[in-house]
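Reckoned from all heavy atoms, side chains included, excluding hydrogens, waters and symmetry mates.
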Amino acid sequence: MSKKLKTIAFDLGGVIFQISNDTTIFSDNYLETTIQPEMFHILEELSKNKYNKLIIISKAYPTNAKKSKEILKLYRLDEYFNSIIFCEKNKDKAKIAEAMHVEIMIDDKEEVLKEFPKTIKTILFKESEAPVLLSKLLNNY
């Protein structure tokens, strides 16, 4: 029996990038943007399973998309992702997720997740729940 690929999508601001510095990316010192500490371990563990396909779907205009990629590369997190997709509107995330056959979407904005079809499981990310995100992804989905 062959295993099925599972695509897990992450938002950047407020999920991978800490919400406390969500505006840093708009400044000249954008490389000081900090990563949610648990994300290093979460991404490393998820990437160990060859059937997990990790992607980013994030709203960012071209300048911020470029900065975001630089930040991911700085922390060597870009190595964990199969695709990094940026859109100009939050409402486009659901369409992109459908096209990419996403099974789980993690975002910090409830209004964004409400746009997703019921076929895609959604996780409303809260920094306080970051320590249990990995077990949630491994056990419940």
Shortest non-hydrogen contact between I57 and A9, atoms and distance: CD1-CB, 3.9 Å

Shortest non-hydrogen contact from A60 toward A65: CB-N, 3.8 Å

Beyond-backbone contact of F116 with M105, side-chain heavy atoms, under 4.5 angstrom: yes

Close side-chain approach of L113 to K109, heavy-atom, < 4.5 Å: no

Shared hydrophobic cluster, I19 / V132 (ILVMFWY, side-chain heavy atoms < 4.5 Å): no

Approximate separation, where rounding is to 0.5 Å, of H41 NE2 and L133 CG: 10.5 Å

Minimum heavy-atom distance between M39 and V15, given as atom pair plus value: CE-O, 3.6 Å

CG on L43 to CD1 on I16, rounded to 0.5 Å: 5.5 Å

Nearest-0.5 Å distance, OG of residue S47 to CD1 of residue I42: 12.0 Å

pair M100-K53: side-chain heavy atoms closer than 4.5 Å: yes

Rounded distance (nearest 0.5 Å) linking atom CZ of F10 with atom CD1 of I56: 8.5 Å

Minimum heavy-atom distance between E129 and L124, given as atom pair plus value: OE1-O, 4.3 Å

Within 6.0 angstrom of E110 CD, more than 12 heavy atoms from elsewhere: no

Rounded distance (nearest 0.5 Å) linking atom CG of L72 with atom CD1 of I35: 6.5 Å

Gap separating the CD1 atom of I104 from the CG atom of L46, nearest 0.5 angstrom: 8.5 Å

Residue list, salt bridge (Lys or Arg N to Asp or Glu O under 4.0 Å) with K66, at least two apart or on another chain: E70

Donor-acceptor pairs are to be reported for all side-chain atoms of residues 82-94 against protein atoms at under 3.5 Å, with residues two or more places apart or in another chain.
unit_1, atom_1, unit_2, atom_2, d
N82, OD1, L54, N, 3.1
N90, OD1, K93, NZ, 3.4
K93, NZ, D11, OD1, 3.0
K93, NZ, D107, OD2, 2.7

Partners meeting salt bridge (Lys or Arg N to Asp or Glu O under 4.0 Å) with E45 (sequence neighbours left out): K48

Student check: side-chain heavy atoms of K136 and I123 closer than 4.5 Å: yes

Shared hydrophobic cluster, I96 / F81 (ILVMFWY, side-chain heavy atoms < 4.5 Å): no

Any side-chain donor near an acceptor of the partner, Q18 and T34, under 3.5 Å: yes

Donor-acceptor pair, side chain of D108 and main chain of F125, under 3.5 angstrom: no

Side-chain heavy-atom pair F17, Q36 within 4.5 angstrom cut-off: no

Closest non-hydrogen atom pair, P131 against S128: CD-O, 3.6 Å

Worked verdict on I120 versus E98 for side-chain contact (heavy atoms from CB on, under 4.5 Å): CA-CA 8 Å; I120 299 174; E98 279 187 287; 4.0 Å; yes

